[in-house]
Amino acid sequence: MKKWKKGLCLLLSVLLVSSAGSAGTLSASAQELTNDSIRQKEEEIKKAKEEKNSLQSSLSNIKEIKKQLETSKNNLANYITELDANLSTIQAKIEELKGLITEKEEEIAAKEKELEEAVAVQEAQYEAMKARIKFMYEKGDTVYLELLFAADSFGEVLNKAEYIEMLSSYDRKKLDEYVAQAEYVSLCKESLEEEKSVLDEARRVQEEEEASMNALISAKEQEISNVTSDIKNKEAAIAEYEADIAEQNQTIAALEKAVAEERARLAEEQGRRYDGGVFTWPAPSYTRISDDYGNRIHPTLGIQKFHNGIDMAAPGGSAILAAYDGKVVAADYNSSMGNYIMIDHGDSLYTIYMHASALYVSKGTEVSKGQKIAAVGTTGRSTGNHLHFSVRKGGSYVNPWSYLKG
């Protein structure tokens with residue numbers, strides 16, 4: 001019996017040493033279960049911080065842009081061309097920021113759900129551990145001793161000792177898993193806060209870029225006004241305006257001629273035909289008609305001039321739609337028309353869209369009625385965000401209302 005008890009005590013000692021020695025291994029094993037998730041969160045936090053720094057360093061230097069533009073003010077056409085190039089760059093940044101903001105809002109929603117699930121797992125683990133600790137507190141080590149002393153043979157003792165070691169290992173494993181889960185939850189929270197910080201920074205940068213864009217637009221409007229309001233330069237301004245219109249007409253007439261020559265090379269049955277349908281409204285976000293088709297008092301020159309289209313006042317960046325099915329014969333920039341698009345609808349019928357902030361189609365593109373082709377802007381000889389919409393038939397401008405109303 002003494003030998004039996006000596007063996008049992010020795011076994012308990014070995015068991016305790018073995019259990020203590022295995023804690024590190026079990027901890028490593030449990031930690032490995034969440035290692036990938038933790039590493040992923042650390043990468044997400046690092047990436048979010050880099051994105052935030054990148055946003056802060058990408059702001060347009062409006063003072064430097066205005067300084068560079070000063071040198072070209074002696075030639076209004078050159079000034080407008082250079083300023084519009086900067087406007088296009090800033091508008092592209094704003095569109096990228098809008099995309100980033102949408103992306104971050106979606107990521108934040110996903111991370112909030114991820115955090116909620118991680119916290120639920122942690123709470124479940126905590127409740128399970130509380131129940132286990134309560135049991136161990138109430139029973140103490142006596143439960144293990146009872147198991148061992150209830151054995152009928154040394155072989156059974158060994159079997160029960162193995163079982164006790166498994167229970168001890170299980171407890172350590174659960175504790176390690178809880179610690180790892182707590183770390184993961186903490187990183188989830190940090191990652192979420194970093195994404196929110198990036199979102200706030202993106203919104204702030206967007207506001208600053210929009211302010212820079214508006215400052216450039218105001219500068220352009222003032223410069224155009226300065227040139228045209230100076231009495232000494234009145235005749236020169238009128239002559240320049242007429243030269244701009246002549247250049248527009250020359251550009252458009254050349255495009256029409258090129259299309260006519262191309263059409264002549266096609267077989268009669270292959271030629272494009274306009275079927276007489278009603279045009280869709282090309283500026284769905286318009287707020288008012290700022291200038292109608294026909295003779296009018298020019299807004300800056302103060303003299304009566306023929307206006308060859310309809311000006312639709314609409315927010316900068318809002319959609320410009322193709323009025324009807326057709327083929328894009330020009331998608332380009334001109335210091336007078338700004339960014340413009342010209343579409344061939346067949347039977348010598350064309351639509352023209354001027355002063356866009358961005359173009360989404362290129363020459364040769366087939367477009368459908370209502371398709372988004374550009375964004376409203378104020379590029380070219382323009383003093384505010386609007387779409388100048390013109391219609392030409394047989395080489396001459398015609399009233400767009402005839403096609404918009406049916």
Side-chain angles (χ1 to χ4, degrees), residues 81 84-85 87-88 91-92 95 245 247-267 269-286 293 308-312 314 316-382 385-398 400 402-404:
T81 299
D84 284 346
L87 278 179
S88 296
Q91 182 66 48
E95 291 305 313
I245 296 300
E247 182 190 349
Q248 284 184 23
N249 292 339
Q250 184 179 3
T251 300
I252 290 165
L255 289 166
E256 288 176 332
K257 182 181 178 184
V259 173
E261 290 173 353
E262 182 183 355
R263 187 180 288 119
R265 291 195 294 269
L266 299 173
E269 64 275 9
Q270 292 178 317
R272 186 182 297 280
R273 290 285 180 267
Y274 169 58
D275 60 12
V278 178
F279 285 0
T280 196
W281 193 259
S285 299
Y286 87 104
Y293 175 83
N308 61 29
I310 299 173
D311 285 351
M312 303 172 184
S318 58
I320 297 175
L321 310 181
Y324 212 72
D325 299 345
K327 182 179 182 180
V328 177
V329 295
D332 211 339
Y333 176 84
N334 175 287
S335 64
S336 175
M337 294 184 282
N339 293 317
Y340 73 96
I341 289 172
M342 183 172 175
I343 300 175
D344 172 22
H345 302 288
D347 295 327
S348 299
L349 179 67
Y350 299 86
T351 51
I352 303 155
Y353 314 75
M354 299 183 191
H355 308 306
S357 60
L359 305 179
Y360 303 138
V361 293
S362 55
K363 182 178 179 180
T365 305
E366 290 284 342
V367 295
S368 303
K369 176 180 176 179
Q371 179 179 335
K372 187 176 179 179
I373 57 172
V376 171
T378 181
T379 55
R381 198 69 176 264
S382 165
N385 287 312
H386 73 284
L387 166 63
H388 176 97
F389 176 68
S390 296
V391 179
R392 283 174 72 91
K393 173 69 177 174
S396 300
Y397 286 102
V398 294
S402 301
Y403 295 87
L404 290 166

- Does any donor atom in the side chain of Tyr293 or Asp311 lie under 3.5 Å from an acceptor atom in the other side chain? no
- Query: Does the side chain of Asn385 come under 3.5 Å of the side chain of Thr378 through a donor N or O and an acceptor N or O?
  - Reply: no
Please report the closest heavy-atom contact between [X] and [Y], naming both atoms and the distance.
X: Tyr286; Y: Ala314; value: CA-CB, 3.7 Å
X: Gly317; Y: Gln91; value: CA-NE2, 4.2 Å
X: Gly380; Y: Tyr333; value: N-OH, 4.4 Å
X: Lys393; Y: Asp347; value: NZ-O, 2.6 Å
X: Gly370; Y: Leu321; value: O-CD2, 3.5 Å
X: Ser390; Y: Gly309; value: OG-CA, 3.6 Å

- For Ile343 and Tyr324, run side-chain contact (heavy atoms from CB on, under 4.5 Å): C-alpha distance rounded to whole Å, both residues' side-chain angles, the deciding distance at 0.1 Å, then the answer. CA-CA 9 Å; Ile343 300 175; Tyr324 212 72; over 6 Å; no
Side chains of [X] and [Y], heavy atoms from C-beta outward: is any pair under 4.5 Å?
X: Ile352; Y: Arg392; answer: yes
X: Ile341; Y: Val361; answer: yes
X: Tyr403; Y: Leu349; answer: yes
X: Met312; Y: Pro282; answer: yes
X: Asn339; Y: Ser88; answer: yes
X: Leu359; Y: Ile373; answer: no
X: His388; Y: Asn308; answer: yes

- Run the numbers on Val367 and Asp325 for side-chain contact (heavy atoms from CB on, under 4.5 Å), then give the verdict. CA-CA 6 Å; Val367 295; Asp325 299 345; over 6 Å; no
- Item | Tyr397: partners by ring-ring contact (aromatic ring centres under 6.0 Å, His included), with sequence neighbours left out | none
If we ignore hydrogens and angles and just use 3.5 Å, is the side chain of [X] paired with the main-chain N or O of [Y] as donor and acceptor?
X: Gln371; Y: Ser368; answer: yes
X: Lys372; Y: Ala322; answer: no
X: Ser357; Y: Val376; answer: yes

- Those residues at least two apart in sequence (or on a different chain) that pass side-chain hydrogen bond (donor to acceptor under 3.5 Å, both in side chains) with Tyr274 are none
- Query: Should the heavy atoms of other residues, nucleotides or ligands under 6.0 Å from NZ of Lys327 be counted, would the total exceed 12?
  - Reply: no
- Determine whether the aromatic ring centres of Tyr340 and Tyr353 lie less than 6.0 Å apart. no
- Query: Does the separation of the ring centres of Phe279 and His345 fall below 6.0 angstrom?
  - Reply: yes
- Going through the distances and angles, do Met337 and Thr379 end up as a side-chain contact (heavy atoms from CB on, under 4.5 Å)? CA-CA 7 Å; Met337 294 184 282; Thr379 55; over 6 Å; no
- Message: Between Trp281 and Leu404, does the side-chain contact (heavy atoms from CB on, under 4.5 Å) criterion hold? Intermediate values first, please.
- Response: CA-CA 7 Å; Trp281 193 259; Leu404 290 166; 3.7 Å; yes
- Message: Angle between ring planes, His355 versus His386, binned at 30° and 60°: parallel, tilted or perpendicular?
- Response: tilted
- Query: When rounded to the nearest 0.5 angstrom, what is the spacing between OG1 in Thr81 and CG in Asn334?
  - Reply: 8.0 Å
